[in-house]
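We count residues from 1, following the sequence as given. All heavy atoms count here, side chains included; hydrogens, waters and symmetry mates do not.
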Amino acid sequence: MLYRCLLSCLLVFSYAANAQLVWKSQSRHAGESMPCGGGDIGLNVWVEKGDLLFYLSRSGTFDEHNAMLKLGRVRIRVEGHPFDKGDFRQELHWQDGSVVVSGGGVRFVLWVDVFQPLVHVNMESKTPVRMSAVYESWRYEDHLITDAVECRANSYKVLQAFPLVTYKDAISFVGDGVVFYHRNREDIEDIFDYTVRMEGMSAVKDQLYNPIRRNTFGGAMWGKGMIAGGNTEGQYADTKYRGWELKTAKPVKSQEIITGLHVAQTNTLEEWENGLGALVKIPASTPGSVELSARSAAARRRSIRWWKQFWNRSYVHCDSLGANYELFRYQLACNAYGEWPTKFNGGLFTFDPCYVDSTKHFSPDFRAWGGGTMTAQNQRLVYYPMLKNGDADMLKGQFNFYLRMLHNASLRSRVYWNHGGACFTEQIENFGLPNITEYHPKRPAGTDPGVEYNKWLEYEWETVFEFCLMMLDQQRYEGKSIQKYLPFIDSCLSFYDAHYHQFDAQGHYIFYPTSAAETYKLTYNSTTVIAAMQTILQRLKLVTDSPRWDTMLAHLPPVPLGEYEGHTTILPAEKWERIQNRETPQLYPVFPWGIYGIGKPGLDTAINTYKYDPQAVAQWDYVGWKQYSIFAARLGLTADAAKLSALKFKDGPHRFPAFWGPGFDWTPDHNWGGSAM
């Protein structure tokens, strides 16, 4: 059996390295788009009614309300509509990170520079043709949000007593190019200001890390020999737009279009403009004046080399499920160098929401569960597979996200409870404070100021340990020093030691009140807390010697056990007040914590939990973030593991087969793909 699996993996390696996804007809709409990307840029590419279109996304585009905005849409049109000639092909070459579109004697290659935030479109035609490239934006004017559901795309989540406005971008022809940007306003109370004020953190506001203030994102589009045309207008799906057209001055047989994307927090707009100019190696005022062909060719060679080593470095390949496995890994790689982690709720590849849910008539900026808000239980599933895939370097964005927030999370503990350690909540903003709506600004008087007033999220602080585990695993997998992460891990442990520094008659911590995921609430001695601390402390002892770790281990209570129908099982906690959600934290000692599993003591107890605990049985499923395929594999239940993995990896509902979801979240559902991996 093992030999057959290894042989299959070796044979499939050459398949994966040369695979393509081919469409032989145009798409009906953006919901039938194909991903393309690199570095930290994602494009949704499709051809509709003869036009080649793509959305532009980049990591870090957080606006005043912490929505993660797209950077616009590009529409390319060739005279004579060659894609309508009958020999149309759209191909994803995931082995080199490109999308190729051809038909009627015209061929386009779209690719993203892995090392510079530049989007390239290269056109070749058998005969000279005229063509245009239109930068399209739906943010050409301010947009007042009036629908409560639309608020789910930002950190407010619901309508407020004050107006919520998605502010317009600045867009203009500059020379023979188009420059566009959004700069977060400073003359309003933004989501950071509001959250700090409503959560009682104003006294330390000047000490807090703030990624929202003066965040500026946008770019420039140009093409050598193209000239500025006029403006266009129209409506795509549910959203009106305005376009800025560039067109060839004469018929051409080849044409290159470049779009440079720049995201930065700068003190002045001029600094941001200078950064954009440095990126494209031209003065910001004359984006059409540069010769890029030689430089682009060199950049293409470097990017192809990167993609080659990316595919060659992993030993994990599948046969019957291989295509969708590889297609999802490709999507993750498109944000390999992102300063911000890949979002579980669509990553860089969301599209018009009406093509996910026909009741949602909002702009392409929409995604459920926010832009700058991170849901830790979902994010973890996006990142765990990277270790075994050989992609540990891609964990940096997620790890740095937590390192940036460490100071703010530590200040929470000091302000609210006057003790040390960092407290990280489940629905957490990119500046380390709880999401304001989940914190609940109208909380009853006397409520613990450090606790989210939310039935699902209260006291759920232990998920951060899963990222501590990944940090420790990176050292185990790669042998690299994790010294820079040790203070973070220490602070997470110190919080629990300080916050629950009361002991029972056996000298064990009294972990009350706690939570077991979002499901078992107001728990006494939560299994997820105990299992997390046990594993992290034992692993930490292998990296750094400190008597503190032994002391804390000695204070840990045992993982709670119970009985169902005469079978010993793992309990989610010793006691709990209510069941709120549909996770199975009683199996978290199997995954992620690895206390139970094949070859380890108590395997029968863990299998009993999987088979006989009525709550565990009731939640058995494969959709979204459900992780029963992982539980089954770690327990040696191979039939279930195979069945659930096949269900996880089956084609999603969209034309691109690895766009799963929405599941419990949004489309493309990246924690669906991550849990499948």
Side-chain angles (χ1 to χ4, degrees), residues 55-73 135-174 178-198 210-221 231 233 235-236 238-244 261-273 275-276 284 340 350 352-353 361-367 370-373 429-431 435-437:
Y55 281 121
L56 296 159
S57 296
R58 190 180 175 196
S59 172
T61 56
F62 306 119
D63 78 347
E64 294 89 341
H65 309 317
N66 232 349
M68 184 176 170
L69 304 183
K70 287 195 174 296
L71 289 166
R73 179 175 58 231
Y135 173 79
E136 296 180 347
S137 175
W138 47 95
R139 295 196 304 272
Y140 61 90
E141 60 183 3
D142 289 349
H143 168 64
L144 177 65
I145 299 173
T146 58
D147 190 314
V149 176
E150 188 177 2
C151 292
R152 294 181 64 195
N154 61 52
S155 290
Y156 288 104
K157 291 192 175 183
V158 295
L159 292 171
Q160 303 293 317
F162 48 87
L164 294 180
V165 177
T166 301
Y167 295 102
K168 67 180 179 180
D169 294 356
I171 312 167
S172 61
F173 290 112
V174 179
V178 181
V179 174
F180 50 93
Y181 66 87
H182 180 102
R183 181 169 174 83
N184 286 352
R185 295 174 56 168
E186 297 183 75
D187 60 343
I188 63 167
E189 183 180 54
D190 61 28
I191 187 62
F192 175 85
D193 300 324
Y194 181 70
T195 301
V196 169
R197 178 168 63 85
M198 299 304 294
N210 180 0
I212 303 300
R213 190 180 188 192
R214 301 178 186 139
N215 194 35
T216 311
F217 44 90
M221 183 179 78
N231 289 108
E233 291 186 346
Q235 179 166 323
Y236 188 82
D238 295 304
T239 312
K240 294 180 179 179
Y241 67 85
R242 183 170 294 168
W244 284 256
L261 303 178
H262 186 41
V263 180
Q265 281 184 275
T266 58
N267 289 323
T268 66
L269 177 59
E270 184 180 19
E271 288 179 32
W272 182 86
E273 290 174 333
L276 177 64
W340 295 92
T350 55
D352 302 79
H361 304 289
F362 311 125
S363 84
D365 291 326
F366 181 85
R367 67 176 74 215
T373 306
E429 295 301 324
N430 47 14
F431 43 86
N435 174 269
I436 184 56
T437 297

Sorted by chain and residue number, the salt bridge (charged side-chain N to carboxylate O under 4.0 Å, His left out) partners of Asp142 (sequence neighbours excluded) come out as none

When rounded to the nearest 0.5 Å, the distance separating CZ of Phe217 from OG1 of Thr61 is 5.5 Å

If we only count heavy atoms from C-beta on, is the Ser57 to Leu71 side-chain gap below 4.5 Å? no

In sequence, state the C-alpha distance, the side-chain angles, and the governing distance for Asn184 and Asp63, and then conclude on side chain to side chain contact (heavy atoms under 4.5 Å, CB included).
-> CA-CA 6 Å; Asn184 286 352; Asp63 78 347; 4.0 Å; yes

message: Assess whether a salt bridge exists between Arg139 and Asp365, defined as any Lys/Arg side-chain N lying under 4.0 Å from an Asp/Glu carboxylate O.
response: yes

Exercise. Please confirm whether the backbone N or O of Ser363 pairs with a side-chain atom of Lys70, one donor and one acceptor, at under 3.5 Å?
Key: no

Side chain to side chain donor-acceptor pair (under 3.5 Å) filter on Asn267, not counting sequence neighbours, yields Arg214

TODO: Would you please test Tyr55 and Asp352 for side chain to side chain donor-acceptor pair (under 3.5 Å) and show each step?
DONE: CA-CA 10 Å; Tyr55 281 121; Asp352 302 79; 2.7 Å; yes

Residues His361 and Glu150: side-chain donor-acceptor under 3.5 angstrom
no

- Message: Quick check against the 3.5 Å criterion: does Ser59 have a side-chain atom that pairs as donor or acceptor with the backbone of Trp340?
- Response: yes

| Will you find, in the side chains of His182 and Glu64, an N or O donor that is under 3.5 Å from an N or O acceptor? | yes

Q.
Are Lys240 and Tyr140 packed together at the side-chain level, in the sense that at least one heavy-atom pair is separated by less than 4.5 angstrom?
A. yes

Sorted by chain and residue number, the side chain to side chain contact (heavy atoms under 4.5 Å, CB included) partners of Ala148 (sequence neighbours excluded) come out as Leu159

Notebook entry, point to check: Counting only N and O atoms by type, is there a donor-acceptor contact under 3.5 Å from the side chain of Trp272 to the main-chain atoms of His262?
Noted result: yes

*asked:* Regarding Glu186 and Arg213, does a basic nitrogen lie under 4.0 Å from an acidic carboxylate oxygen?
replied: yes

Residues Leu164 and Cys151: closest non-hydrogen pair is CD1-SG, 3.8 Å

#### Entry: Quiz item: cation-pi between Arg73 and Tyr135, 6.0 Å / 45°
no

Can any side-chain N or O of Thr268 pair as donor or acceptor with the backbone N or O of Glu271 at less than 3.5 Å? yes

*asked:* Distance alone, cut at 3.5 Å: any donor-acceptor contact between the side chains of Thr266 and Arg183?
replied: yes

So, are Arg242 and Glu233 salt-bridged, with charged N and O less than 4.0 Å apart? yes

Practice task
Tell me, with the steps shown, if Ile212 and Asn66 meet side chain to side chain contact (heavy atoms under 4.5 Å, CB included).
Solution key: CA-CA 7 Å; Ile212 303 300; Asn66 232 349; 3.3 Å; yes

dist Asn430:CG -> Ser155:OG (nearest 0.5 Å) comes out at 7.0 Å

Rounding to 0.5 Å, atoms OH (Tyr181) and CG (Asp169) come to a distance of 9.5 Å

To the nearest 0.5 Å, atom CH2 of Trp138 lies from atom NE2 of His143 at 12.5 Å

Query raised in the report: Thinking salt bridges, do Arg197 and Glu189 make one under a 4.0 Å N-O criterion?
Result: yes

| said: For Tyr156 and Phe162: C-alpha separation, side-chain torsions, deciding distance, then whether ring pair (Phe, Tyr, Trp, His ring centres under 6.0 Å) applies. | reply: CA-CA 11 Å; Tyr156 288 104; Phe162 48 87; 5.7 Å; yes

Worksheet item: More than 12 foreign heavy atoms under 6.0 Å from CD of Gln235: is that the case here?
Response: yes

Before giving the answer on side chain to side chain donor-acceptor pair (under 3.5 Å), spell out for Asn435 and Glu429 the whole-Å C-alpha distance, their side-chain angles and the decisive distance to 0.1 Å. CA-CA 6 Å; Asn435 174 269; Glu429 295 301 324; 2.9 Å; yes

Rounding to 0.5 Å, atoms OG (Ser137) and OH (Tyr241) come to a distance of 12.0 Å

message: I'd like to know if the side chain of Arg58 reaches the main chain of Leu261, judged simply by a donor and an acceptor atom lying under 3.5 Å from each other, with no hydrogens or angles considered.
response: yes

Taken to the nearest 0.5 Å, the spacing of Arg367 CZ from Leu69 CG works out to 10.0 Å

Does a side-chain heavy-atom distance below 4.5 Å link Leu276 with Glu273? no

